[in-house]
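Written below as structure tokens is the structure these notes are about.
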Amino acid sequence: MTRADPVCPGNRAGPPTAGIPYRPPADVAEALRVQEELRSRVDLLGPGPSAPATVAGLDVAYAESGDRLAAAVTVLDAATLAVVDEAVCVGRPAFPYVPGLFAFREMPALLTALERLTVRPELLVCDGHGVAHPRRFGLACHLGLVTGLPAIGVGKTPLVGSWTGPGQRRGDRADLRDGGEVVGRVLRTRDGVRPVFVSVGHRIGLDGAVERVLALTPRYRLPETTRTADRLCRRALAAGGDRS
DNA sequence: GCGACAG
DNA sequence: ATCTTGTCGC
């Protein structure tokens with residue numbers, strides 16, 4: 001299986017989209033060191049693609065036994081939200097679940113799935129936080145740095161920070177602040193539903209990230225990218241194997 | 001010291 | 001994340 005230019009760590013895409021190699025940590029102490037070391041390399045400003053042609057959604061599903069997982073990436077046409085490419089990777093969790101170190105659990109499988117894409121997406125929408133993280137380096141930041149792609153984090157529940165309730169209408173938002181700094185935005189994507197937590201992953205500003213999330217939620221609370229990826233990884237998990 | 005804690 | 005029934009609402 002040879003391919004032209006998939007999204008993969010260490011590819012030769014060249015700046016400004018070149019990523020950095022992914023280093024799997026052996027333990028919690030090392031994982032913490034990795035985050036502390038990489039946090040300064042996150043690009044919090046962007047500008048990020050104002051009108052991306054393609055947007056990717058990433059998600060992971062776990063088997064009840066907890067010993068198997070399926071990572072999925074779906075690439076959508078940003079204008080029509082139609083799925084134009086997708087890939088999966090079935091494997092084992094690469095790290096125990098520790099709040100704040102969540103990325104190390106799913107990254108290897110997600111990166112493999114990304115490598116299997118035929119279309120290189122212009123933006124990554126991750127199921128988890130970006131800088132709205134204890135060390136300002138959540139999954140979306142790590143994926144952004146490793147792939148070199150603009151990335152945003154969309155969490156369903158908060159990990160850090162506090163806010164004062166946004167209004168009940170779609171589009172209403174409030175700053176998510178932690179330790180005096182704005183680390184994300186609490187965004188109501190549909191009238192009357194629970195808000196989602198949007199934060200910068202890499203190479204895009206917070207306002208741009210919010211704008212993209214709204215464009216991806218014409219009908220449901222969660223971005224279409226997340227929904228299509230979620231269905232794909234569940235399907236892959238149920239179907240069983242991954243031949244590679 | 002006791003909770004809280006992305007998925 | 002995953003396990004779970006019914007139920008309220010469009």
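The sequence lines fix the lettering, A, B, ..., with proteins before strands; numbering per chain opens at 1.
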A:Asp127 side chain, from C-beta outward: closest of C:dT2, B:dG7, B:dA6: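 Of the candidates, B:dG7 comes closest.
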[X] [atom1] to [N] [atom2], straight-line distance once rounded to whole Å:
| X | N | atom1 | atom2 | result |
| --- | --- | --- | --- | --- |
| A:Leu58 | C:dA1 | CG | C1' | 16 Å |
| A:Arg231 | C:dA1 | CZ | C1' | 19 Å |
| A:Tyr97 | B:dA4 | OH | P | 14 Å |
| A:Asp178 | B:dA6 | CG | C1' | 13 Å |
| A:Glu64 | C:dT4 | CD | C1' | 11 Å |
| A:Met107 | B:dG7 | CE | P | 17 Å |
| A:His129 | B:dG7 | NE2 | C1' | 9 Å |

With a 4.0 Å cutoff (strictly under), does any side-chain N or O of [X] reach OP1 or OP2 of [N]?
| X | N | value |
| --- | --- | --- |
| A:Tyr62 | B:dG7 | no |
| A:Lys156 | B:dG7 | yes |
| A:Thr157 | B:dG7 | yes |
| A:Arg234 | C:dT2 | yes |

Electrostatic pair A:Glu224-A:Arg227, nearest N-O below 4.0 angstrom: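 Result for this pair is yes, salt bridge flagged.
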Spatial distance of atom OG1 (A:Thr225) from atom CZ (A:Arg212) [nearest 0.5 Å]: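 Output value for this atom pair is 10.0 Å.
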Touch class at under 4.0 angstrom, heavy-atom based, for A:Ala61 against every strand present: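 The residue A:Ala61 makes sugar-phosphate contact but no base contact.
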Touch class at under 4.0 angstrom, heavy-atom based, for A:Leu101 against every strand present: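 Base: the residue A:Leu101, judged by heavy atoms under 4.0 Å, touches a nucleobase.
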Mutual orientation of the aromatic rings belonging to A:Phe137 and A:His142 [parallel < 30°, tilted 30-60°, perpendicular > 60°]: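 The rings of A:Phe137 and A:His142 sit tilted, inter-plane angle from 30° to 60°.
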Geometric class of the A:Phe102/A:Tyr97 ring pair [parallel <30°, tilted 30-60°, perpendicular >60°]: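 Rings of A:Tyr97 and A:Phe102: perpendicular, as their planes differ by over 60°.
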